[in-house]
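Numbered from 1 within each chain, the chains take letters A, B, ... in sequence-line order. All values below were derived from every heavy atom in this structure, side-chain atoms included, with hydrogens, water molecules and symmetry-related copies excluded.
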Amino acid sequence: MTGDAPPTVSAALRTGFFPSVVAWQRRSGRHGLPWQGTRDPYSVWLSEVMLQQTQVRTVLGYYERFLRRFPDVHALAAATLDEVLALWSGLGYYRRARHLHACAQTVVAQHGGRFPTSAAALATLPGIGASTAAAIAAFCFGERCSILDGNVRRVLARVLADDRDPAHPATQRAWWTTAQALIPDDATAAEMAAYTQGLMDLGATVCTRTRPRCDVCPVAALCAGQASGAPTAWPRRSPRGARRREAWCLPLYVRSDGAWWLQRRPDRGIWAGLWAPPVLAQVEVLEDWLCAQPALAAEWWPAFDHTLTHRDLRLQPLLCRVPTDSAAGPAPAAPGVVADQGAWWSPSAALSLGLPAPVRAWLQTLVSGSRTSNSR
DNA sequence: AATTCGGGGTC
DNA sequence: GACCCAGAATT
């Protein structure tokens, strides 16, 4: 199918897709995930936000830990952002954690601690977009609304043999319309829950990216992609986006009497709100500083790479010691240090903070003493 | 409409 | 490496 018009949903699809997915989910879908088997909007919301752009396997450990610490929306709303970020540390897309916290506070302050019950109302809350709102509304309240995540986009593109660019907004609008049209007017709440889960399960376990298992697919008979014999031709690959840029990143680990100086990163940008050492973008700044203070020894540790969505970071850790009595005192006089945004932390305390993954990895390496430094 | 947000997994 | 993953917010 080509062009900008929404794809026509055939009568066969309109009548057959939904019940096939529902029946298949009940028989062969996933049922044991920790966020299943509940209609508690808080639990469902937490799982949906964690699962945004994140695979189930990655989320599993985080979800249980988070729910133990914050068992309901009131506990989460009463927490500090630092506590939330600490539990989110390593999961990435930290704006999600900030929105999660803000959303909990909004639900408590403006909705009496109860989540809105419609997708439209849910979508007005921080961090809840159209797809997440639909997931919560369908799972918890049986609303007849469709999700449209990466799995569903892939399934739809194949079922419709739709050649349009998945990244194009017009394509997304058309697929929202199609997805909605696949839901019967008389779908029950229980069916909506099974259907929504079934769409996710189908994309995750059957209609996979590289090796779709059309032989066990409940909608294979309705699928134009399968009929073509080459279902992996869809979804069409987007034209290459912007290439990741390389960036040097020189974290300056300042140590004093066993304590580490860490400071909170700005509210915007990479690793927003997390704790990290001062990060220099240019080595010259540090070298000038060191030349002026020959008594301080700086150690250069092996550089390593860390990939983000839009950056190829090349991290060059630097280790610097300052006099032993300063750990209880003021901020070190070092490049990049912002005194009122930082503090000294013991190793164990530091590792309980919200840290960027490479910072956590490096601190752990250092604390465990499994490596020796390259003194210079 | 295009960019900006992490980190980990797969092939 | 390329691509993807239960996307959303911002500009």
field: Options C:dA6, B:dT4, B:dG8, nucleotide nearest the side-chain atoms of A:Gln55
entry: B:dG8

message: From CG of A:Leu46 over to C1' of C:dA6, roughly how many Å is that when rounded to an integer?
response: 13 Å

query: Could you give the NE2-to-C1' distance, from A:His99 to B:dT4, as a whole number of Å?
result: 11 Å

- prompt: Below 4.5 Å, heavy atoms only, C-beta onward: do A:Leu156 and A:Asp162 meet side chain to side chain?
  reply: no

message: So if I take every side-chain heavy atom of A:Arg237 and compare against C:dA6, C:dC3, B:dG7, which nucleotide ends up nearest?
response: C:dC3

field: A:Tyr253 and A:Trp260 aromatic ring geometry - parallel, tilted or perpendicular at 30°/60° bounds
entry: perpendicular

task: Look at the side-chain heavy atoms of Ile, Leu, Val, Met, Phe, Trp and Tyr, link any pair under 4.5 Å apart, and say whether A:Val279 and A:Val254 land in one connected group.
output: no

field: A:Val159 with A:Met200, same ILVMFWY side-chain cluster at under 4.5 Å
entry: yes

- line: To the nearest angstrom, the CD-C1' distance between A:Gln53 and C:dA9 comes to 13 Å

- prompt: What's the closest nucleotide to the A:Arg209 side chain, out of B:dG6, C:dA6, C:dC3?
  reply: C:dC3

- request: Side chain of A:Gln52 only, please: which of B:dC5, C:dA6, C:dA8 is the nearest?
  value: C:dA8

task: For C:dA9, take OP1 and OP2 only and decide whether either is under 4.0 Å from a side-chain N or O of A:Arg96.
output: no

field: Presence of salt bridge, A:Asp312 and A:Arg244, under 4.0 angstrom
entry: yes

- request: Looking at every strand, decide which applies to A:Gln172 at a 4.0 Å heavy-atom threshold: base, sugar-phosphate, or nothing.
  value: nothing

query: When you compare B:dG6 with C:dT10, how far apart are their P atoms, in angstrom units rounded to a whole number?
result: 15 Å

- prompt: Among B:dG8, B:dT4, B:dA1, which nucleotide sits nearest the side chain of A:Thr58?
  reply: B:dG8

- prompt: Nearest-Å distance, CG (A:Leu85) to P (B:dG7)?
  reply: 12 Å

message: Let's go through A:Phe115 and A:Trp45 carefully: what are the C-alpha distance in whole Å and the side-chain angles of both, what is the deciding distance for ring-ring contact (aromatic ring centres under 6.0 Å, His included) to 0.1 Å, and is it a yes or a no?
response: CA-CA 9 Å; A:Phe115 279 82; A:Trp45 162 69; 5.0 Å; yes

task: Would you check if A:Trp345 and A:Trp261 make a side-chain contact, meaning some heavy-atom pair closer than 4.5 Å?
output: no

- prompt: Which part of the nucleic acid, if any, lies within contact of A:Leu148, taking any heavy atom under 4.0 Å across all strands shown: a base, the sugar-phosphate backbone alone, or nothing?
  reply: nothing

- prompt: In residues 22-42 of chain A, which residues come under 4.0 Å of DNA chain B by heavy atom?
  reply: none

message: Side chain of A:Thr54 only, heavy atoms from C-beta on: which candidate in B:dG6, B:dA1, C:dG7 is closest?
response: B:dG6

message: Considering every strand and a 4.0 Å limit on heavy-atom distances, what is the contact class for A:Gly203: base, sugar-phosphate, or nothing?
response: nothing

message: Taking A:Ala121's backbone N and O only, do any of them form a donor-acceptor pair with A:Thr124's side chain (distance below 3.5 Å, no angle check)?
response: yes

query: Counting side-chain heavy atoms from C-beta on, which of B:dA1, C:dA8, C:dA6 comes nearest to A:Ala204?
result: C:dA6

- prompt: Of A:Arg57 and A:Leu355, whose closest DNA chain B nucleotide lies nearer the 5' terminus?
  reply: A:Leu355

query: Contact class for A:Leu202 vs. all strands (heavy atom < 4.0 Å): base, sugar-phosphate, or nothing?
result: nothing

task: With heavy atoms under 4.0 Å as the rule, sort A:Leu199 into base, sugar-phosphate or nothing.
output: nothing

For atom CH2 of A:Trp88 and atom C1' of B:dG7, their distance in whole Å: 13 Å

- prompt: Closer than 4.0 Å, any side-chain N/O of A:His310 to the OP1 or OP2 of B:dT3?
  reply: no

task: Could you check how far CH2 of A:Trp271 sits from P of B:dC5, rounded to whole Å?
output: 11 Å

- prompt: NA contact type, A:Arg211, heavy-atom cut-off 4.0 Å: base, sugar-phosphate, or nothing?
  reply: nothing

- line: Which of B:dC5, B:dG6, B:dT10 is nearest the side chain of A:Leu308? It is B:dG6

Touch class at under 4.0 angstrom, heavy-atom based, for A:Ala135 against every strand present: nothing

field: Any side-chain heavy-atom pair of A:Phe139 and A:Glu48 under 4.5 Å
entry: yes

- prompt: Counting just side-chain N and O atoms, does A:Tyr93 come under 4.0 Å of either OP1 or OP2 of B:dT4?
  reply: no

statement: Rounded to whole Å, CG of A:Leu51 lies from C1' of B:dG9 at a distance of 14 Å

statement: A:Arg360 CZ to B:dG7 P, in whole Å, measures 10 Å

- prompt: From C:dA6, B:dG9, C:dG7, pick the nucleotide closest to the side chain of A:Asn151?
  reply: C:dA6

message: Both A:Pro126 and A:Pro235 contact DNA chain C. Taking the nearest nucleotide for each, which residue is further toward the 5' end?
response: A:Pro235

- request: Check every strand shown and say whether A:Val56 touches a base, only sugar-phosphate, or nothing at a heavy-atom separation below 4.0 Å.
  value: base

message: Go nucleotide by nucleotide along DNA chain C from the 5' end; which of A:Ala123 and A:Asp201 gets its closest nucleotide reached first?
response: A:Asp201

task: Among the candidates C:dA6, B:dC5, C:dT11, find the nucleotide nearest to the side-chain atoms of A:Arg268.
output: C:dT11

message: Using atom P in both nucleotides, what's the gap between B:dT10 and C:dA6 to the nearest angstrom?
response: 13 Å

message: Please determine whether a side-chain nitrogen or oxygen atom of A:Thr210 lies at a distance below 4.0 Å from atom OP1 or OP2 of B:dT10.
response: no

query: Within 45 degrees of the axis of the six-membered ring of A:Tyr62 and under 6.0 Å from its centre: does A:Arg65 put its NZ or CZ there?
result: yes

- prompt: With a non-hydrogen cut-off below 4.0 angstrom, is A:Thr309 in contact with a base, only sugar-phosphate, or nothing?
  reply: base

